[in-house]
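Shown next, in structure tokens, is the structure this report addresses.
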There are 2 protein chains.
Amino acid sequence: MLNASVETSAMALGPWTSSARQPRDPLDEIASFATRIKARRGTAIFADGDDANYCYRIVSGEAMAFKLMSDGHRQVYEFLVPGDFFGYETQADHYFTVEAVSEVVVLKYPRRAVERVLAENSRFAREIQQMTARGLHSAYQRMILLTHKSADERVAWFLLELADRTRNSDDALHLAMTRTDIADYLGMVIETVSRALTRLKRGGAIAMQSVNDIRLVDRQRLELVRGEI
Amino acid sequence: MLNASVETSAMALGPWTSSARQPRDPLDEIASFATRIKARRGTAIFADGDDANYCYRIVSGEAMAFKLMSDGHRQVYEFLVPGDFFGYETQADHYFTVEAVSEVVVLKYPRRAVERVLAENSRFAREIQQMTARGLHSAYQRMILLTHKSADERVAWFLLELADRTRNSDDALHLAMTRTDIADYLGMVIETVSRALTRLKRGGAIAMQSVNDIRLVDRQRLELVRGEI
DNA sequence: CGTCCGGTTGAGCCCGTTCAACGCAGGTGG
DNA sequence: CCACCTGCGTTGAACGGGCTCAACCGGACG
């Protein structure tokens, strides 16, 4: 949802390194308030309507933020990867559910503590503001995707974005989420996602080791399919 | 885009009232830095890619925030009404254009000044954070609209939202924007917008005095068409 | 009076949805 | 060990809502 800037996902890989030269993690400010929790695949970290007494950050694994509609439809707002910070609200309640998509480890910060730091530390407040603003920016970009892009463009965009966010150096990409999750994220149905993946495979842009393990064989072609923005 | 909370649009109607009982306008903090500018219909207040050296607030009239794609498509991010605050970025540049949709008066705040106040006044920082978070929330809601709602539902939602945001007490609603603008906001084409309006008219939910002047005759029916959320 | 621009209406098409069948892997129980 | 079931993904066929293309309408303006 909101990812603290560039270097942060390193924190998922090892212990905090506060070495002088290293750019500091903006969330270090609240690190001391964190408790570490685990969630198994399919379990909720918090639910739509819950009191927003805590906010969180992914350490390892993946999660998804979504809202369930009264008509049964589900909109997946974001997939959350290591480094992502989420659940900090200015209002009383959470307005979406966050559920583990794989076995996931998260840090849990008490809202009170975060707000105390926000009030006292303007640098930290600026970081949070920046993360929220980036979230808004990317939500707007996704609107373009949802209104003007074809099925293949959406799926290509999804794959490239996920590869980018999980910072895979090689071309291997593991999809922790199901086709249904992807469909609900991209505003399509599962069959269309499946067909789009098949076309990308036939076109030589990707290869599939197994259903959930994809190789971005021809990244350039994939970017071509995705199109601008 | 970002609307400072409930009472703010009153500022568009009269001079600042800092009376004790009245809830204060959160943007009072930076009021002294504002300069007042006018823009005629169709002119840009700032453009995509411009240095984000200023941010703004609508006093009267309406504007729209949008992005032009390389393929010629245009996505309208938001319609801006009196009280709306926009253009404050954490990065260097604006990433969308804002253009007057009618004759519009805006207050223009230097970014430097705003950032100085942000650093010194945590209450103000909290207000800005809250506005951005609300913007994100409403962007997510609009995603649902763009993925799962029919043409009629979208248009009904648009009319109700606009009526709500402009706080019309009676059932008259003036559309300052063109059909093309509405279409680019709702992710449809102009013909579909037109047909949806015609159906709402035939269904008795609305009436049209002229092309741009709509009466919400049967609000309940309109809400029924719009559906949940 | 003619032109232009924005909006409306009509006809046909297309892409993604819907409905349905099938494939495949993992789990369970005889 | 195999038969069966269940959940998830893929593929096929037909449908339909919104898009495309095109004509028309009406008010503003020269």
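Lettering of chains follows the sequences in order, A, B, ..., and the numbering in each one begins at 1. Just so you know, these numbers come straight off a predicted model, no measurement behind them.
- Within residues 154-163 of chain A, no residue places a heavy atom under 4.0 Å from DNA chain D.
- Atom-to-atom, CG of A:Leu146 to C1' of C:dT17 comes out at 16 Å; the value is rounded to the nearest Å.
- Atom pair B:His148:NE2 and C:dG16:C1' shows a separation of 14 Å (rounding to whole Å applied).
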- Task: Begin with the C-alpha distance, continue with both residues' side-chain angles, and end with the deciding distance and a verdict on side-chain hydrogen bond (donor to acceptor under 3.5 Å, both in side chains) for A:Ser150 and A:Glu153.
- Result: CA-CA 5 Å; A:Ser150 72; A:Glu153 288 171 316; 3.2 Å; yes
- Task: Kindly determine whether A:Glu99 and A:Thr43 satisfy side-chain hydrogen bond (donor to acceptor under 3.5 Å, both in side chains), including the steps that lead there.
- Result: CA-CA 6 Å; A:Glu99 194 177 288; A:Thr43 61; over 6 Å; no
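- Here A:Met208 lies in heavy-atom contact (under 4.0 Å) with sugar-phosphate atoms only.
- Atom C1' of nucleotide C:dG26 and atom CG of A:Asn212 are separated by 14 Å, given to the nearest angstrom.
- Atom pair B:Ile190:CD1 and D:dC19:P shows a separation of 12 Å (rounding to whole Å applied).
- Salt bridge present: A:Lys67 and A:Asp48 bring a charged side-chain N and a carboxylate O closer than 4.0 Å.
- Using a 4.0 Å heavy-atom cutoff across all strands shown, A:Thr192 reaches at least one base atom of the nucleic acid.
- Residue A:Arg195 has no polar side-chain atom (N or O) positioned under 4.0 Å from OP1 or OP2 of C:dG16.
- For the pair A:Arg74 and A:Phe66, the distance from NZ or CZ to the six-membered ring centre is under 6.0 Å and the angle to the ring normal is within 45 degrees.
- Within the structure, every side-chain polar atom (N or O) of B:Thr198 is placed at least 4.0 Å from both OP1 and OP2 of C:dT8.
- When ring centroids are compared, A:Tyr54 and A:Tyr88 stay outside the 6.0 Å threshold.
- Across the protein-nucleic acid pair, B:Asp213 atom CG and C:dG7 atom C1' stand 15 Å apart, rounded to whole Å.
- Here A:Val189 lies in heavy-atom contact (under 4.0 Å) with a base.
- Taking side-chain N and O atoms only, A:Ser194 has a distance below 4.0 Å to OP1 or OP2 of D:dT10.
- Place B:Glu191 and A:Arg199 on DNA chain C by their nearest nucleotides, and B:Glu191 ends up nearer the 5' end.
- Atom CZ of B:Arg179 is separated from atom C1' of C:dT8 by 9 Å (rounded to the nearest Å).
- Between B:Asp184 atom CG and C:dG6 atom P the separation is 13 Å, expressed in whole Å.
- Checked against the 6.0 Å centroid criterion, the rings of A:Tyr185 and A:Phe79 qualify as a close aromatic pair.
- Distances were taken from every side-chain heavy atom of B:Met188 (C-beta onward) to each of C:dT8, D:dC19, C:dT9; the shortest belongs to D:dC19.
- With ring centers used as reference points, A:Tyr56 lies under 6.0 Å from A:Phe86.
- One can place CD of A:Gln209 at 17 Å from C1' of D:dG9, the figure rounded to the nearest angstrom.
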